[in-house]
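Below: one structure, written as structure tokens.
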Amino acid sequence: MIEFDIHKRLHGAQGKMPLHITLTIKEGDFVALSGKSGSGKTTLLRIFAGLEDATGRIKVHNKVWLGVNRSLPVQKREIGFVFQDYALFENMSVEKNLLFVNNDKKLAQHLLELTELNELKERYPSSLSGGQKQRVSICRALMKRPKILLLDEPLSALDPAMRTKLQNELLLLHKEFGTTTIMVSHDPSEIYRLANRVIVLENGCIINDGSPKEILVRTQGSQKFSFEGELLEIKKIDVIYVAIVAIGQQLVEVVVSSDEAKNLQIGDSINLSTKAFVPLISQT
Amino acid sequence: MSYEPFFISFKLAALTAFILFCLALPLAWYLSQTKSRIKPFLEALTALPIVLPPSVLGFYLLWALSYNSPIGHFFEESFDIKLVFSFTGLVVASCFYSLPFMVQPLQNGFESINKNMLEASYIAGKSRLQTIFSVALPNMKPAVITAIIITFAHTVGEFGVVLMVGGSIPGETKVASVAIYEMVENMDYTIAHIYSAIMVGISFIVLLSVYLFNARQNRRFGL
């Protein structure tokens, strides 16, 4: 059981902002931290790791990590941390990066095989691709067999195919090592696939906490399909209006009535939903 | 013609570079990591020798290190070390004179290291000292080489401070730059020419090697 009750004053984009988080996490959970940038997600992770100070209390498996006049140094907290920018040791080969953390050749070999990096173990980080670097970084974080794995947007810089591959590997490693994992992520499909709990932060507070299905599936009432998107353009074609809406990486055209068209402005954030129709699903 | 002044110059420069590296390393690390309000004051203080006339620095050092000052008195009474008009005094003076040339490249080097890389090392359970020697320094070799070579070269090139604190004792404190000054004063232009040409040649080779090394390092890391 991980118990969390921390305060910190942050200097955010909109001036000063208090960060106040109270939270308990079960052992073995895979928790996704979500929310707009600047909401305090990364800071929360860094406080947990001991990289930033805060007031309050952190208790992990009945051991106090942060208390009154007491803060366990980062070196003694049993965590693995994966940085968004990988942060590999540039002066060491892939294998040395792992062995620097813990000189356990067998474990290093095992992790490199699991992540298909064995062929690259003599290479230096500067010659690796983004996906390869991130895998090394994940392996490195697991070298101490940490009880807690913290991931700060680990896959955000990768292309979709590589993301899916690494998501599978993350899930595999989470299960094999039995870690409690906390991951900062913005990608709903990633969260849905990996996490069993989502915590949404806004302005330094938790505004939503539940299962991915409860929080991410945005249909209400009898809605069958519901998407959030950005209105890019409204065109008048003969007597009808056509709106171009960006949903994620996709653009769609929707017919809107003239009344609706009047109330909409380019750049608006909109919700697009339909009721009672049968979607066609086919493989691409 | 004796080459002794050159040997003294290089001995002085090598010793100064070595001692300063050890002393400046913790200072440069502290300056690169701290967010404290005293940082600008410390930075200004370390940079002072760049802007002060060597005579000012020489005068204060002479005043502080002589037998009449508590520091000079203490060293002479306790360790029998004379800090003015001696080689030891020259080393002490050079350490002050060349301090910024060691601290600034090292500080820039530490600041250029990805903070997350250092944090990854702490998370791996490594102490600050292990992190500096295993992660930070190996990733800033150009900065380390620049700091050491420039300090060395700058110490070889000093004149005013050396003259004031060391005088011109043949075989002990008469360094190359002072020797050249004396040759010119005695209108011995032939030897002054030879000495000066040697200084130009050596300085150029030293600087060229730094730039060549850094260019090669940058190519290797694809910068």
Side-chain angles (χ1 to χ4, degrees), chain A residues 11 42 45-53 71-93 96-104 108 124-128 133-134 136-154, chain B residues 21 25-26 28-30 32-40 105-148 213-223:
Chain A
H11 300 277
T42 299
L45 226 54
R46 291 175 57 83
I47 289 170
F48 197 14
L51 296 171
E52 265 178 55
D53 51 4
S71 173
L72 197 66
V74 47
Q75 284 91 346
K76 299 228 168 99
R77 301 191 183 192
E78 293 160 328
I79 50 158
F81 199 109
V82 176
F83 292 92
Q84 193 175 359
D85 66 352
Y86 325 128
L88 296 176
F89 305 126
E90 299 284 335
N91 57 317
M92 302 177 202
S93 68
K96 289 267 163 57
N97 259 279
L98 270 56
L99 295 178
F100 180 70
V101 176
N102 176 6
N103 201 5
D104 182 343
Y124 281 82
S126 59
S127 71
L128 301 178
K133 280 185 194 170
Q134 195 56 296
V136 177
S137 166
I138 293 166
C139 291
R140 185 181 65 179
L142 288 167
M143 278 303 288
K144 274 205 311 185
R145 296 184 179 279
K147 293 196 184 89
I148 294 160
L149 183 60
L150 305 175
L151 308 157
D152 188 6
E153 293 189 50
Chain B
F21 182 74
L25 198 66
W29 172 259
Y30 174 77
S32 73
Q33 303 295 309
T34 185
K35 286 174 191 156
S36 157
R37 275 187 208 160
I38 62 162
K39 181 181 167 179
L106 287 179
Q107 185 188 343
N108 289 340
F110 282 133
E111 279 169 357
S112 73
I113 300 261
N114 180 359
K115 282 242 164 15
N116 290 346
M117 208 201 287
L118 303 176
E119 288 172 346
S121 168
Y122 298 146
I123 287 168
K126 308 295 172 189
S127 68
R128 207 168 296 173
L129 208 63
Q130 278 172 305
T131 303
I132 292 175
F133 283 100
S134 304
V135 178
L137 288 178
N139 280 303
M140 49 180 264
K141 277 187 207 140
V144 174
I145 299 292
T146 304
I148 291 173
F213 176 82
N214 284 353
R216 215 189 65 198
Q217 283 283 317
N218 290 345
R219 265 202 305 279
R220 234 185 78 192
F221 287 110
L223 298 172

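Just so it is clear, the structure is predicted and the values come from calculations on it, not from any experiment. Note: hydrogens, waters and symmetry copies are ignored here, and every other heavy atom, side chains too, is used. Chain A is the first sequence line, chain B the second, and so forth, proteins listed ahead of strands; every chain is numbered from 1.
Side-chain contact between Val135(B) and Phe100(A): present, with at least one pair of heavy atoms (C-beta onward) separated by less than 4.5 Å.
By the neighbour-count criterion of 12 heavy atoms within 6.0 Å, atom NZ of Lys96(A) is sparsely surrounded, having that number or fewer from other residues, nucleotides or ligands. Atom NZ of Lys76(A) is surrounded by 12 or fewer heavy atoms from other residues, nucleotides or ligands within 6.0 Å.
Distance alone, capped at 3.5 Å, places no donor-acceptor pair between the Gln75(A) side chain and the Tyr122(B) backbone. The closest donor-acceptor contact from the side chain of Asn139(B) to the backbone of Asn91(A) lies under 3.5 Å. Using modelled atom types, no side-chain atom of Asn114(B) and backbone atom of Leu88(A) make a donor-acceptor pair closer than 3.5 Å.
Heavy atoms closer than 4.5 Å to chain B are found in the side chain of Met92(A), but not in its backbone. Of the two parts of Phe83(A), only the side chain, counted from C-beta on, holds a non-hydrogen atom closer than 4.5 Å to a non-hydrogen atom of chain B. Of the atoms belonging to Lys115(B), not a single heavy atom falls under 4.5 Å from chain A.
The line from CZ of Arg46(A) to CG of Asn116(B) is 6.5 Å long, rounded to the nearest 0.5 Å.
The shortest heavy-atom contact between Ala120(B) and Ala87(A) is CB-O, 4.1 Å.
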